[in-house]
Structure formats: C-alpha cells, structure tokens
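Notes follow the structure.
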Amino acid sequence: MATVSAGVPELADILLWQCYIHSRSAELRLALILRYLPYARKVAAHLHGRHLRCEASVEDYIQWACVGLMEAFDHFQLNRGAQFTTYALPRMLGSIRDGLETITGRWQEFAVAPEDMETLVSAEAEGPDQVGVELERRQMRHASSWPAQAPDRS
C-alpha cells in the first residue's frame, strides 16, 4: 500500500474517502487508518524527538497521534476542499498534548502556539515530509530559547 504523498490526492484516495463517508464501513475505515498510519507515526516520532525530557515513550506518542487520527476520521468532510492530512494534523498534535498533560501535568511545555500551528499546516500543504522538517526547526528554536543554567555554587 502506498504511503500518503504530497500534492493533489490520488483518485483512489478520493474514491476511498467517498465510499467511506457514504457507508461508514468498518473495512473502509481500517483501509483509511492503514493508509494514514505512517503519517501519524512520522508526526509522533518528530514530536517525541523534540521532548527529550519527557517520560513518555515514542510508542505513547504514536498511540496518541493515532487517537487524533481516528477522531479526525469521524469529523472530516471531503467536500470542504482540505486534504485529510491538513485536517488531521491539529487533531493529532492536540491528542499528543492531551496525553502528555495526563502523564506529566506540564502541558504548557508541549503546547503548539497558534503561529506555529499555521506554520505546520503550511508545511503540511507542501507535503507530509515538510512537517518533519518544520517540527525540527521548531525544536531547534525551542532548544535555543532555553536559558543557560547557572553554575552550581554549592
């Protein structure tokens, strides 16, 4: 099965979505989940790499991203003109943030600022691979904004 590609959705993707939206078939839902699972894994892996001090494993991030992905399936409207990945990205990021909040209580560290969300959505429009590039840029900006620790004077 091909992975999600950038640009205009393939005709097969459009037909699969149309059939799923019309029937809400469990088999078609599974086919769509399998189609977009690599994208959810990629987003989760990049975010996990960004949060080096977090207690959550990459598997936790993938699970939370998949929860967001499945929530997006339930609300996506093909006729609105957006690609599914563009629609699903904020839901996956929110699901990961919610998961981190439940285990750490430090959700502010993992929140995505509105201007960063716009950048991520723009990057996603260029192609799913660009999301990873943009997440890495955010990680570098985030790491450089941390104040240096004062030397221990004990």
Side-chain angles (χ1 to χ4, degrees), residues 1-52 54-104 107-143:
M1 179 175 285
T3 58
V4 177
S5 61
V8 178
E10 297 176 10
L11 181 58
D13 289 343
I14 294 170
L15 291 174
L16 184 61
W17 271 108
Q18 288 174 340
C19 290
Y20 171 69
I21 290 170
H22 178 70
S23 69
R24 296 294 179 182
S25 157
E27 292 82 18
L28 291 175
R29 181 181 171 93
L30 179 60
L32 285 168
I33 289 170
L34 294 175
R35 173 94 173 118
Y36 292 99
L37 189 58
Y39 178 67
R41 285 184 177 148
K42 183 177 223 167
V43 170
H46 280 289
L47 283 176
H48 181 264
R50 184 181 136 207
H51 301 138
L52 300 177
C54 183
E55 300 87 18
S57 68
V58 70
E59 290 83 11
D60 291 329
Y61 277 70
I62 292 169
Q63 179 180 354
W64 296 323
C66 288
V67 168
L69 184 72
M70 288 187 262
E71 289 173 355
F73 283 128
D74 295 335
H75 301 285
F76 181 63
Q77 296 177 2
L78 184 62
N79 61 350
R80 302 289 292 259
Q83 289 188 359
F84 176 73
T85 52
T86 302
Y87 180 79
L89 180 62
R91 288 187 178 265
M92 288 189 295
L93 295 174
S95 182
I96 292 169
R97 186 200 64 226
D98 291 346
L100 289 169
E101 182 180 355
T102 61
I103 66 166
T104 66
W107 67 271
Q108 294 91 347
E109 289 182 35
F110 309 109
V112 178
E115 59 273 8
D116 288 337
M117 180 59 74
E118 291 174 13
T119 303
L120 290 174
V121 169
S122 297
E124 198 284 324
E126 295 175 28
D129 292 338
Q130 285 302 111
V131 173
V133 171
E134 195 54 46
L135 287 170
E136 288 173 9
R137 286 184 189 142
R138 284 189 69 233
Q139 178 180 358
M140 296 304 293
R141 282 196 309 265
H142 182 70

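The figures here come from the full heavy-atom set of this structure, side chains too, leaving out hydrogens, waters and symmetry mates.
L16 CG to Q18 CD: the interatomic distance, rounded to the nearest 0.5 Å, is 10.0 Å. To the nearest 0.5 Å, atom CG of residue L78 and atom CD of residue Q83 are 11.0 Å apart. To the nearest 0.5 Å, atoms CZ (R41) and CD (E59) are separated by 10.5 Å.
Annotation for S23 and L28: closest pair OG-CD1, 3.5 Å, computed over non-hydrogen atoms. Listed here is the closest heavy atom pair of L89 and V43: CD1-CG2, 4.0 Å. Summarising the geometry of W64 relative to I103, their closest heavy-atom pair is CH2-CD1, 3.9 Å, with the distance given to 0.1 Å. For the pair L69 and A40, the tightest heavy-atom approach, listed with the atom from each and the gap, is CD2-CB, 4.1 Å.
Under the rule for a salt bridge (Lys or Arg N to Asp or Glu O under 4.0 Å), R24 has no partner lying at least two apart in sequence or in another chain. Residues forming a side chain to side chain contact (heavy atoms under 4.5 Å, CB included) with H75 (at least two apart in sequence, or on another chain): Y87, R91.
Ring orientation note: the planes of F84 and F76 are nearly perpendicular, at an angle over 60° on the 30°/60° scale. Below 30°, between 30° and 60°, or above 60°: for F73 and W17 the angle between ring planes is between 30° and 60°, a tilted geometry.
Counting only heavy atoms from C-beta outward, the side chains of V67 and E71 approach each other to under 4.5 Å. Within the 4.5 Å cutoff, the side chain of C66 has heavy atoms near those of the M70 side chain.
Under the 3.5 Å distance criterion, the side-chain polar atoms of S95 are left unmatched by any main-chain donor or acceptor of A65. Side-chain atoms of H48 do not come within 3.5 Å of backbone N or O of D60 as any donor-acceptor pair.
The salt bridge (charged side-chain N to carboxylate O under 4.0 Å, His left out) pairs that include a residue from residues 73-82 are R29-D74, where partners are two or more places apart or lie in different chains.
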